[in-house]
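In listed order, ligands and their atoms are each counted from 1. Numbers here are sequence positions counted from 1.
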Amino acid sequence: MLSTLQPAGTDAAEIARLFWIMVAGGAVVWLAFTLLALHASRSRHTRWSERAGVRLIIGGGIAAPAVVLGALLLYGMPKLSRQMAAAPPDSVRVQVSGEQWWWRVAYQREGQPPVVLANELRLPRGVVSEIVLTSADVIHAFWVPALAGKIDMIPGRTTRITLEPNAAGTFRGVCAEYCGASHARMAFVVQVVEPADFTAWLERQSQPARRDPAGEAAFASAGCAACHDVRGAGSGASIGPDLTHVGSRLSLAAGTLPNTTEALLRWIAEPAHIKPESLMPPFRALPAAELQQLAEYMRLLQ
Ligand code: CUA
C-alpha cells in the first residue's frame, strides 16, 4: 500500500490533513470563479456600473485570493518546521543507508553493537523512531507514504526523519529519488508491531546465525563471504547485505522477489536479470546442486 491518503502514522496523518485542506481551499476558489464566470455569461445584457466593476476587481481579484491563499499559507508553514524538531531521547534509533540498490539497516543500541540487517524495518507502534539516513553512492530518498513524508539520502551527509506509526501492519517503502537502472527495484517493508513484539524481534535479530557446517562451507567456497556477512559464521564482510537472518525476511533483493527457495535460486544465478546493474555477480556457472545448497542455506538462516 503506497497511499499517502491512508495514513498510519502521525506525520502521514498531518500530510493527509494538509492535502484535504488545500483541496478544500482550491475548491472554494474554483467554485467562486466558476459561479462568477457563469454569472458573467448570463448577464451580458445588463451593464455594470464602473463602481461595481472596481469593487468586483478589488474584492474578487485582490482581497479574496489574499485571504484564501494567506490562510492556507499560515496553516501550512508551521508544518514545515515540525519535522525539524529533535526526536525524544528514548526513541528507537535506526541508521539506514542507500546502496546500489538496497537498504543497509542498523538498529543502534545503548552500549552494544548495532543490529545490522537489510531492506526491512520493524518499528514499535505508538513509539517515536528516529531514522538517520545517509547514502553510500548517489542520492536516494526514503519514503514510507503511509507513515511520513519523504526525505533525501545524501552521500557524505546525514538527514533524519521521525516515524511515529499508530497502527500495526505492513507498509511498503520505496526509493523516491531516481538513482540509476534499478531505482524502481529499490523497495523495503516496514512492519509495525506492538512494542513487546518489537523488543523480542530485535533480540532475535541480534543473535548470531544458526549454524550449518555444510551450508557454511558452500557459502565460503562459492565466494559469497567476500561480500556478505553471516554473523557468527562469516567473514564480517559488509559490501553486500548482511545475511545473518535472511531467511526471516519478507522479500528478497529489496522488495523485488518473494523469499522462497525458487526465487533464491534465480537470484543467485542471474541477479542482473532481476535487477539490472546490481553489484552482485552472477553465479550461473555453479553446479545445480551447489546452487540448491546455497539457496537452502539462505532459507535456513531464520
Ligand atoms: Cu535509490 Cu532511487
Please determine whether the number of non-hydrogen atoms from other residues, nucleotides or ligands lying under 6.0 Å from atom CZ of Arg210 exceeds 12. no
Do you know which N/O/S atom name in Glu177 is closest to atom 2 (Cu) of ligand 1? O
So does His140 have any N/O/S atom less than 2.8 Å away from atom 2 (Cu) of ligand 1? no
Less than 4.0 angstrom from a charged side-chain N to a carboxylate O is my criterion; do Arg17 and Glu14 meet it? yes
Look at Glu270 together with Arg284 and state whether they make a salt bridge at an N to O cut-off of under 4.0 Å. yes
Is there an N/O/S atom in His183 that lies less than 2.8 Å from atom 1 (Cu) of ligand 1? no
What's the SG-atom 1 (Cu) of ligand 1-SD angle here (Cys179, Met186), rounded to 10 degrees? 110°
Shortest non-hydrogen contact between Arg172 and Leu2, atoms and distance: O-CD2, 3.6 Å
